[in-house]
Amino acid sequence: MPKIKIVDNLTSEIAVVPINNSGFSIQTYESSFLIGPFKWSPAFRADWWQLKRAQGLSGRTTYVTCCFRDSTYGLSLAQSFNAVNPLGRLPLQPLSNGSEGGEKPFHVPLLWCVALPPSWESKVDPGMNTKYNMSSKNLRLSRAGSESSATSSSLVDSESLETSNESSPGKILLKSKSLSVPMESTANDSSDSSSSDKGQRSPSPLVPEDQYEVEKVCNYVKDESGEMYLVKWKNWEEEFNTWEPPRNLVNCDSALLEFYLARKKEYDSIINESEYVITDTGKKRRKGPRIYIQVPPDPRPYEVQVQEFFEVHGELTKAELEECMKKVGGKKKFDNRGWTGKLSKTLHEGIDGKLSEESLSSVRKQLAEFEYMRRRNEHNRILKEWQEHINNVSNGKPKITIENEVDWAGPPENFVYINDYVTSADISIPDDPPVGCNCSNGCYDNRLGCCAAAFGAKFAYSQAGRLRVPVGTPIYECNRKCKCDSSCPNRVVQDGQNSTMQFCIFRTSNGCGWGVKTLKAIKKGTFVTLYVGEVINTEEAERRGRSYDAEGCTYLFDLDFNEQEHCPYTVDAAKYGNIAHFINHSCDPNLGVFAVWVDCLDVNLPKLALFAIYDIPKGAELTFDYKNLVEERVSKDVSQFIDCSFRSNSYRRKGSQLTYWYFSAQQMR
Ligand SMILES: C[S@@+](CC[C@H](N)C(=O)[O-])C[C@H]1O[C@@H](n2cnc3c(N)ncnc32)[C@H](O)[C@@H]1O
C-alpha cells in the first residue's frame, strides 16, 4: 500500500485522500480540517484559498512543495509550486526510480507537503479512498544559511524529521524571489563539501538574501492552467531548475527576451521548413508531427513591439488617430490588459508579413485605438501633474482642475504659477502702509476716517463681502495699520479666493487655446481672482509688447491709473501668472477688473482684482473684456484675431447697469 505522510509546521499531519478520479481531499488531524473533494479546477483554487485563510496564511506568498511517493508504482515525484497559484502547471519530475528500491530522502522545505501530482489520478484505484501515510524517515530537511535567519513559520521543524544518510538526487529546492530561506542540496553535504557548494548560492552584495538571479530561461509551457517558465538559476546546478509562473520572473528581461527570440526562431524554422498540403476543404495544412514547443509572449514593452510593427507597416496617420478620438473621446483610460495576449500575437504575424490586407487593416484600427488611449493617458498624466502643482502653489484656493479633451496641448512651456506679483530687481512693491483707519468697532459704509472715505472713495463691499460699486471705482481696503481685525468687511481681496470656488482650466474648442470655466455658480459681486504677473517698467513692457504682438498673444496689463503721470508699471502675466493668465476675452464679459489698494498705497501699484459682474452659472466660461487693452497696446493683426465669440451669453441680465463696464484701467479712475 503506498504511504504518504504530509508534514507541515502548523499541523503535525495532513492526510491526502484521493477521491475517485476527481482529486484529493486534505485532512489535518489536529484541527479536524477537511477540505474537498476538490478537483483540478477553479473550484479547487477556491478551496485552496479557504485552506490558506483557515490556516492564517492569507495574503502571504507561500511556497508549497508537493511530494508523492508511490511505492506500489515505484516512483517518487516531487514538485514545488506557488501556493498562490496551486493550479499552475506542475511538470512532474521523477526524483528517483522506485525500482531501485529503498526510500529516497528529499527536502520538505516549506509549509506543505501534500500529494498533488495530477497524473496520479490515473494510477489510483478509483474506489480506493485510502489515507496515505509516509514514514517521516523519508523526509529530510536541511538548509543553507543560519538557523537564526529562518522564520519559524517558514520551516518544517527539523527535529520532527528523521534524517537519512542515503545520497539521492531526490531533493526539492525552491529558488524564487519570494522564498525566505534557501534550501541546499543534501546529496553530498556530509561527504563532499565542494560539490555541495555548487548547489548553493554564492553571496552577492547586489542580490538581496531572499532573491535569486535568473541565469537563463530554458523552457516554456502554457496550458489551460496558465503559463510557466523553466528557470536555470545563477550559481545553481541545472538539477535545481524550477518552473516558475511569469509573475516570479522580475528583473530578468534580457533572459526572457533571449529565450523568446531563440524559441521564436526555432518555431519559425519548423514552420518554414514544413511541407503543406491543401485539404479537401481547401485549407492549408502542415504535414508532419505536431509541434510541441510553444513560443512565449514577446516580453518587450508594448511600445517596442508596436514600434516594430510601425517600422514595417508605417506609423499611424493623424486621420487614424482622429478617428479614434471621435470614437473613444478624451476620458477613457488606456487599458493594456487587452493588449498582452492576442493582439501581440497578431501584431507579430503582421511584422512577419503573415496577415492578409483585411486583417492588417483591422490590426491597425485596433492599434490606433490603443495608441490613442495610451497617448491620451500619458497626456492626462502630465496634465494631472500640472494640476497638482498648481493646487500646491495656490493651496487649493481656488481648487483648480485641468481638462483637455480637444487636442494634445500640455502645460504652457516655461509658465510659472504664482499667487502674487513678482518683480524684477529694480522694482519693489512697498507693503508697509503709512496710514490706517482707527475703526476699532467696525468699518462700514462712509464711516468717517475709515479707509474708503479717507481716500475719497466709496465703501466697496456689502456685509456679505460682495462688491457693490460700479466698475471704475477704486477700492481701498483696510490694511495692516488699521485698528480693525481680520473679520472687517473691508478685507475681501486680501483674504484671497474663497476655498469653495472651483475652476477648471480647459482647452477651448473654438481655437482660443486654454480658457477658464467655473465648476460652481458664482454670485454677482463675488471676488473671483487677482490678475497677477511680473511687474515690469514701461521700457521693458514696450520691448516685450513688440515680441508678443509678433506671437499674437497678449498678457500685458498697464497699471495706468494715475492720469497725472505716464504709466510707469505694467503687469506681464505671460511667464508668471495665476489662473487669470488663462481667462479669455469677451466683449460681453462676466468679470470686471478693479484696482484695489491694500498694504501698498502707491497709486501706480494697485492690485488688479477680477469680480463677477453677473450671477455666473456653473459651467460658464469666465471672461473679461480686454479689447481696449488690445487696441492700446497690440497691433491690428492681433485685435482682428481676438473675436468676441462669447457675446451671446444667455445668462446676461438685460439692461443691467453693469453692461458698460470695461476692462481699461484708464476708465477705472
Ligand atoms: C490672457 S491669454 C488667455 C489664455 C489663452 N487662451 C491661453 O491659451 O493661454 C490671451 C490670449 O488668448 C487668446 N484669446 C483670448 N481671448 C480670445 C478670443 N475671444 N478670441 C480669440 N483668441 C482669444 C489670444 O491668443 C490672446 O492673446
Side-chain angles (χ1 to χ4, degrees), residues 330 379 382-383 386-387 389-390 393-394 398 400-419 421-422 503-518 528-536 541 544-559 570-593 608-610 613 616 620-649 652 661-665:
H379 187 242
I382 291 167
L383 293 184
W386 182 35
Q387 177 181 302
H389 168 73
I390 287 183
V393 176
S394 73
I400 297 167
T401 52
I402 296 174
E403 186 183 286
N404 182 355
E405 295 181 13
V406 171
D407 57 26
W408 299 104
E413 265 177 45
N414 301 322
F415 176 68
V416 182
Y417 200 91
I418 53 169
N419 294 322
Y421 287 152
V422 292
F503 299 138
C504 174
I505 299 174
F506 73 106
R507 200 69 186 164
T508 60
S509 51
N510 59 359
C512 287
W514 295 103
V516 178
K517 63 185 174 188
T518 176
V528 172
T529 182
L530 286 174
Y531 186 98
V532 298
E534 190 183 358
V535 178
I536 53 175
R544 292 190 192 182
R546 281 192 293 277
S547 94
Y548 295 157
D549 281 4
E551 290 165 21
C553 241
T554 181
Y555 296 91
L556 295 175
F557 196 129
D558 287 342
L559 296 178
T570 297
V571 178
D572 180 5
K575 180 170 180 207
Y576 297 93
N578 64 350
I579 190 134
H581 167 104
F582 302 97
I583 298 179
N584 283 321
H585 156 87
S586 169
C587 296
D588 190 5
N590 48 27
L591 302 178
V593 189
L608 296 172
L610 295 163
I613 55 174
I616 306 174
E621 177 167 2
L622 301 178
T623 57
F624 65 95
D625 185 344
Y626 41 95
K627 207 173 71 188
N628 290 328
L629 174 80
V630 170
E631 278 169 5
E632 279 167 20
R633 180 166 286 289
V634 183
S635 72
K636 269 205 175 117
D637 287 354
V638 179
S639 72
Q640 275 164 9
F641 175 62
I642 304 282
D643 66 38
C644 298
S645 42
F646 311 108
R647 188 180 284 281
S648 57
N649 291 334
R652 178 171 174 184
W661 288 9
Y662 293 106
F663 171 63
S664 160

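Remember, it's a predicted structure, so these values are computed and weren't measured experimentally. Start at 1 and go down the list; that is how both ligands and their atoms are numbered.
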Contact partition for Ile583 relative to ligand 1, non-hydrogen atoms under 4.0 Å: backbone

Report the relative orientation of the aromatic rings in Phe582 and Trp514; use parallel for angles under 30°, tilted for 30 to 60°, perpendicular for over 60°. perpendicular

Close N or O approach (Tyr531, ligand 1; < 3.5 Å): no

Numbering the atoms of ligand 1 from 1, which are under 4.0 Å from a heavy atom of Gly513? 8 (O)

Would you call the rings of Tyr531 and Phe557 parallel, tilted or perpendicular if under 30° counts as parallel and over 60° as perpendicular? tilted

When you measure from the side chain of Asn419 to the backbone N and O of Val393, does any donor-acceptor pair fall under 3.5 Å? yes

4.5 Å side-chain heavy-atom contact, Lys575 and Arg544: no

Is there a heavy atom in Cys512 that sits closer than 4.0 Å to ligand 1? yes

Taking only heavy atoms of His581, which atoms of ligand 1 are found under 4.0 Å from at least one of them? 1 (C), 2 (S), 3 (C), 4 (C), 9 (O)

Has ligand 1 got any nitrogen or oxygen that is less than 3.5 angstrom from a nitrogen or oxygen of Trp514? yes

Between Thr508, Asn590, Asn584, which is the residue that forms a side chain to side chain donor-acceptor pair (under 3.5 Å) with Glu621? Asn584

